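Have a look at the structure below, then the notes.
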Amino acid sequence: MISTNTKTKFIKKVLAKEIKAKSILRKSKKIDSWFLINYGMNLYRGCEHNCVYCDGRSEGYYVDGEFGEEVSVKVNAVDVLKRELDPKRKRIPLKNYFVGMVGGVGDSYQPLEKKYKLTRRALELFHEKRFPVHILTKSTLVERDIDVIKQINNETRAIVSFSFSSTDDEISSVFEPGVPPPSERLKTLSKFKKDGIACGMYLMPVIPFVTDTPGVMEETIRKAKEAGLDFIIFGGMTLKEGKQKEYFIKNLKENYPELLSHYENIYQKNKWGSPTEEYNQSINQTFDLLSKKYKMPKRIPPYIYRDILEENDLVIVILEHLDYLSKLEEKPSPYGYAAYSISKLKEPLSGMKGSLRSIKGVGKVTESIIKEILKTGSSQYYEKLLR
Ligand code: SF4
């Protein structure tokens with residue numbers, strides 16, 4: 001039950017702390033198959049959106065000040081990025097892979113972006129340097145930059161994704177008080193889709209006993225399908241001990257006091273703040289059934305990226321997706337280990353066609369899947385599991 005005094009949105013004024021960053025781009029050791037990115041960044045540390053469940057609030061992220069009330073703004077970010085993208089300064093030039101503007105500890109389109117335009121200026125730079133981008137936000141402010149995003153998409157590729165905990169505006173006003181309602185987010189996604197840009201939904205986190213019910217989840221997936229989205233990536237909610245859990249539970253007490261004992265049952269103390277395995281299995285099964293019903297891809301489909309990635313990375317991504325999809329169906333999976341082994345290789349897989357089985361974790365079935373990916377850019381078995 002939602003108490004009436006919390007239905008109105010409250011957006012506190014935040015303190016913007018201007019700081020100078022030494023570096024911006026974070027390069028990952030291997031391609032991230034959730035977002036298809038090799039490089040990520042946070043232009044802001046802290047987030048005005050102040051979602052009740054945000055794990056950016058937890059101590060492990062070392063965000064300065066009170067989360068949601070203070071945001072560090074990396075005012076020199078674009079100059080640092082220019083230096084980092086300069087091929088003359090690199091012994092091994094950066095690959096022109098998707099750069100992720102996917103937040104982490106701060107949404108790239110939080111209200112401060114209206115003033116600082118760091119995200120817009122970074123996008124202009126990626127356009128100039130011919131890098132594809134993947135943007136993940138909760139804010140419709142991204143529409144401001146549709147011109148430059150379209151240019152990037154025309155010349156390389158752009159993916160615009162939004163995160164949701166559901167598509168219910170009333171529930172969102174309790175847990176996501178600082179962002180536009182889901183109905184507005186969906187409208188923005190439809191606009192990007194009309195312009196031919198790949199769009200996705202990160203349905204994460206679903207909020208236990210509130211947005212993880214089959215009814216709410218089905219409505220969310222149905223609306224994503226209706227908006228023509230290319231994929232939905234699903235995930236549950238972690239509640240790390242300390243500030244994140246305390247803040248969430250305080251809000252739950254005010255709005256859904258009857259759920260407190262259910263939360264005590266599924267969130268027992270552990271390092272990652274994960275709910276019990278039994279709970280995870282049950283929400284994953286519900287998601288799997290519903291995404292199949294609506295034929296929604298559960299990972300970013302290869303048609304969006306296969307012309308961008310080098311062959312080893314393409315194989316790694318598809319094998320990692322297969323690992324997730326197989327486990328979702330409770331099938332044994334050799335694919336994750338094989339993907340990890342391939343990520344350690346120095347030579348291209350096409351030069352090893354006769355010796356693929358010498359790679360750790362690659363058996364007969366995985367070998368034939370790899371050969372098919374190298375030949376066609378995908379695998380029929382994978383495409384069947386994907387939706
Ligand atoms: S928009 Fe993302 S980063 Fe910002 S508070 Fe919400 S969950 Fe956290």
Side-chain angles (χ1 to χ4, degrees), residues 6 9-17 26 34-35 37 40-74 77 100-114 116 118-119 134-144 160-169 171-182 184-186 188-189 200-208 210-212 220 233-240 242-252 272-273:
T6 53
K9 288 204 166 219
F10 61 92
I11 302 174
K12 287 183 192 163
K13 187 133 183 62
V14 298
L15 176 71
K17 204 168 105 192
R26 259 181 300 109
W34 282 59
F35 295 100
I37 59 175
M41 72 186 74
N42 281 298
L43 300 171
Y44 301 92
R45 276 190 83 74
C47 192
E48 286 175 88
H49 289 161
N50 204 18
C51 303
V52 167
Y53 48 70
C54 183
D55 72 346
R57 183 174 279 111
S58 58
E59 288 80 352
Y61 288 105
Y62 305 105
V63 176
D64 288 342
E66 199 53 46
F67 193 86
E69 293 178 21
E70 210 175 306
V71 177
S72 299
V73 182
K74 298 178 185 175
M101 307 181 95
V102 297
V105 290
D107 198 310
S108 306
Y109 282 101
Q110 55 185 295
L112 282 170
E113 169 62 16
K114 282 187 205 153
Y116 286 98
L118 293 178
T119 304
H134 185 177
I135 297 164
L136 174 68
T137 181
K138 271 199 182 90
S139 170
T140 52
L141 178 59
V142 63
E143 278 186 45
R144 180 200 64 187
V160 175
S161 300
F162 268 62
S163 51
F164 292 81
S165 56
S166 76
T167 47
D168 185 306
D169 286 355
I171 297 176
S172 167
S173 72
V174 175
F175 292 98
E176 299 154 351
V179 288
E184 295 297 318
R185 286 176 242 163
L186 282 168
T188 298
L189 279 168
M201 169 186 279
Y202 282 74
L203 178 51
M204 52 173 54
V206 284
I207 301 164
V210 182
T211 69
D212 65 348
T220 305
I233 313 268
F234 176 76
M237 187 172 86
T238 54
L239 274 186
K240 295 195 183 83
K243 284 188 192 168
Q244 187 202 3
K245 191 167 182 180
E246 284 158 21
Y247 191 78
F248 184 88
I249 295 294
K250 179 177 150 286
N251 278 274
L252 193 72
W272 306 111

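Note that ligands are numbered from 1 as they come in the structure, with each ligand's atoms numbered from 1 the same way. This is a predicted model, so every value here is computed, not measured.
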Exercise for review: May I ask you to check if any N/O/S atom from Cys51 comes under 2.8 Å of atom 4 (Fe) of ligand 1?
Suggested key: no

**Study point:** atom 2 (Fe) of ligand 1: the protein heavy-atom neighbour that sits closest, reported with distance to 0.1 Å
**Key:** Lys138 NZ, 4.1 Å

Check your understanding: So, do Tyr247 and Tyr53 have ring centers that fall under 6.0 Å from each other?
Key -> no

**Study point:** Pair Lys240 + Glu59: basic N to acidic O under 4.0 Å
**Key:** no

Practice item. Within a distance under 4.0 Å of any heavy atom of Asp107, pick out the atoms of ligand 1 and give their elements. Key: 1 (S)

Practice item. Considering heavy atoms of the protein only, find what lies nearest to atom 4 (Fe) of ligand 1 and give residue, atom and distance to 0.1 Å. Key: Cys47 SG, 2.3 Å

Exercise for review: Indicate if the distance from atom 8 (Fe) of ligand 1 to the nearest N, O or S atom of Cys54 falls below 2.8 Å.
Suggested key: yes

Practice item. Run through Thr220, Thr211, Ile233 and flag the one making a side-chain contact (heavy atoms from CB on, under 4.5 Å) with Leu203. Key: Thr220

Exercise for review: Taking all heavy atoms of Met204 and all of Trp34, pick out the closest pair and write down the distance.
Suggested key: CE-CZ3, 3.1 Å

Study note, to complete from the structure: When distances are taken from atom 1 (S) of ligand 1, the protein heavy atom at minimum range is His49 ND1, 3.4 Å

Revision key, fill the gap. Shortest non-hydrogen pair, Thr140 vs Glu184, comes out as CG2-O, 3.7 Å

Check your understanding: Which bit of Val179 gets closer than 4.0 Å to ligand 1, counting heavy atoms only: side chain, backbone, both or neither?
Key -> neither

Check your understanding: Nearest heavy-atom pair of Tyr44 and Gln110: which atoms, and what distance?
Key -> CB-NE2, 3.3 Å

